[in-house]
Q: 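So that we are looking at the same thing, I have put the structure below in structure tokens.
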Amino acid sequence: MRELLDGMRRAAPQFRHRDAVIAGLERAERAGIPTFVCRVKDHATRDEWDAALAEATAAHEPDLVVSAGFMKIVGKAFLARFGGRFVNTHPALLPSFPGAHGARDALAYGVKVTGCTVHFVDDGVDTGPIIAQGVVEVRDEDDESALHERIKEVERTLLVDVVGRLARHGYRIEGRKVLIP
């Protein structure tokens, strides 16, 4: 979040998803960027939450929706409105090691390189078209925490670059390929 805010010229709405204080959202609010809260637990069903999240997001008319650390799977209502413009990051070189534990899974498999992926979200888990990837060497002394921290450093820089390029140059999705002019 910090890197995106530092790299932004025009503010975009942000949303909250947890009760916990999130430093990135506090920083967004200090920068004058609108935020909103949409908690799963405040809705009777996951589908109701998804519809509420879609409505709250749509109220801000975003060109792109950028997920960084959101850790929630959105549903049909959200994807129907924002599919093809919902950007997410993942701490592995997709399609390898999808899911919540990319760094841990990469270490367990014994890979020599891993990294991060910026991709568009589809209705699968970490299966959307890949926009960009960054490589991180796996060191012999790495544990999950150390590797994940190095991945996050690359991921932050890559996300800022990708969002900037998408916003400045536009893009098109052709099958599994994302083309940025």
Side-chain angles (χ1 to χ4, degrees), residues 1-9 11-31 33 35-41 53 57 62 64-74 82 85-122 124-168 171 176 178 180:
M1 174 62 78
R2 178 180 66 240
E3 288 78 10
L4 276 173
L5 289 173
D6 290 346
M8 286 176 35
R9 292 184 186 266
Q14 306 294 316
F15 56 87
R16 294 180 187 220
H17 69 285
R18 297 185 197 138
D19 288 328
V21 175
I22 299 173
L25 289 168
E26 288 181 344
R27 186 175 176 135
E29 289 170 345
R30 284 193 307 271
I33 298 170
T35 66
F36 64 87
V37 176
C38 190
R39 297 177 295 208
V40 174
K41 73 178 188 175
L53 180 64
T57 303
L64 287 173
V65 176
V66 181
S67 174
F70 185 56
M71 298 300 290
K72 297 276 189 251
I73 296 173
V74 298
F82 301 106
R85 56 189 172 130
F86 182 21
V87 177
N88 191 24
T89 62
H90 181 71
L93 296 173
L94 294 173
S96 296
F97 314 118
H101 305 287
R104 181 182 71 195
D105 295 345
L107 283 170
Y109 200 82
V111 298
K112 301 302 178 190
V113 295
T114 188
C116 57
T117 302
V118 179
H119 63 97
F120 283 108
V121 176
D122 65 7
V125 176
D126 299 322
T127 57
I130 294 170
I131 305 166
Q133 293 180 303
V135 176
V136 175
E137 179 185 6
V138 177
R139 299 175 184 158
D140 291 338
E141 67 274 9
D142 275 336
D143 61 13
E144 181 181 358
S145 178
L147 179 59
H148 196 235
E149 284 304 312
R150 286 202 329 282
I151 291 170
K152 287 193 299 188
E153 288 176 16
V154 173
E155 187 177 64
R156 290 176 191 125
T157 301
L158 186 63
L159 180 60
V160 170
D161 175 66
V162 165
V163 170
R165 289 188 303 138
L166 293 173
R168 283 189 305 275
Y171 62 93
R176 300 236 14 105
V178 178
I180 303 172

Q: Compare every heavy atom of G99 with every heavy atom of D126, then report the nearest pair and how far apart it is.
A: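 For D126 versus G99, the nearest heavy atoms are OD2-N, 2.8 Å.
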Q: To the closest 0.5 Å, what do you measure between CG (N88) and CD1 (I73)?
A: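 Separation between the atoms: 10.0 Å.
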Q: Is there a side-chain contact between L64 and Y171, using heavy atoms and a 4.5 Å cut-off?
A: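 A side-chain contact exists here, since the closest heavy-atom pair is under 4.5 Å.
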Q: Distance-only, no hydrogens or angles: does the T117 side chain make a donor-acceptor pair with backbone N or O of Q133 under 3.5 Å?
A: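 Not at all, since once roles are kept as given, no pair shorter than 3.5 Å links the two residues.
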Q: Are P62 and T57 close enough that some pair of their side-chain heavy atoms sits under 4.5 Å apart?
A: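 They are in side-chain contact.
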Q: Does atom CD1 of I180 have more than 12 heavy-atom neighbours from other groups under 6.0 Å away?
A: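 Result for CD1/I180: enclosed.
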Q: Side chain to side chain contact (heavy atoms under 4.5 Å, CB included) for F97 and L107? Distances and angles first, verdict last.
A: CA-CA 10 Å; F97 314 118; L107 283 170; over 6 Å; no
Q: Rounded to the nearest 0.5 Å, how far does CD of E144 lie from CD1 of I151?
A: 9.5 Å
Q: Kindly compute the distance separating NE2 (H90) from OG (S67), expressed to the nearest 0.5 Å.
A: 12.5 Å
Q: Any chance you could measure R150, atom CZ, to E137, atom CD, to the nearest 0.5 Å?
A: 7.5 Å
Q: Minimum heavy-atom separation for V162 and A132, please, with both atom names.
A: CG2-CB, 3.6 Å
Q: Where is the tightest heavy-atom contact between G134 and L158, given as atom of each residue plus distance?
A: N-CD2, 3.6 Å
Q: I need the minimum non-hydrogen distance between A92 and G102, along with the two atoms involved.
A: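 Scanning both residues completely, I find the closest heavy atoms to be CB-CA, 4.2 Å.
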Q: Taking all non-hydrogen atoms of both residues, which atom of V87 and which atom of V121 are closest, and how far apart?
A: C-CG2, 4.5 Å
Q: I'd like to know if E149 pairs up with K152 as an ion pair, taking the criterion as any Lys NZ or Arg NE/NH1/NH2 lying under 4.0 Å from an Asp or Glu carboxylate oxygen.
A: yes
Q: From H119 NE2 over to T127 OG1, what is the distance, rounded to the nearest 0.5 angstrom?
A: 8.0 Å
Q: Can you name the nearest heavy-atom pair linking P91 to E155, along with the distance?
A: N-OE2, 3.7 Å
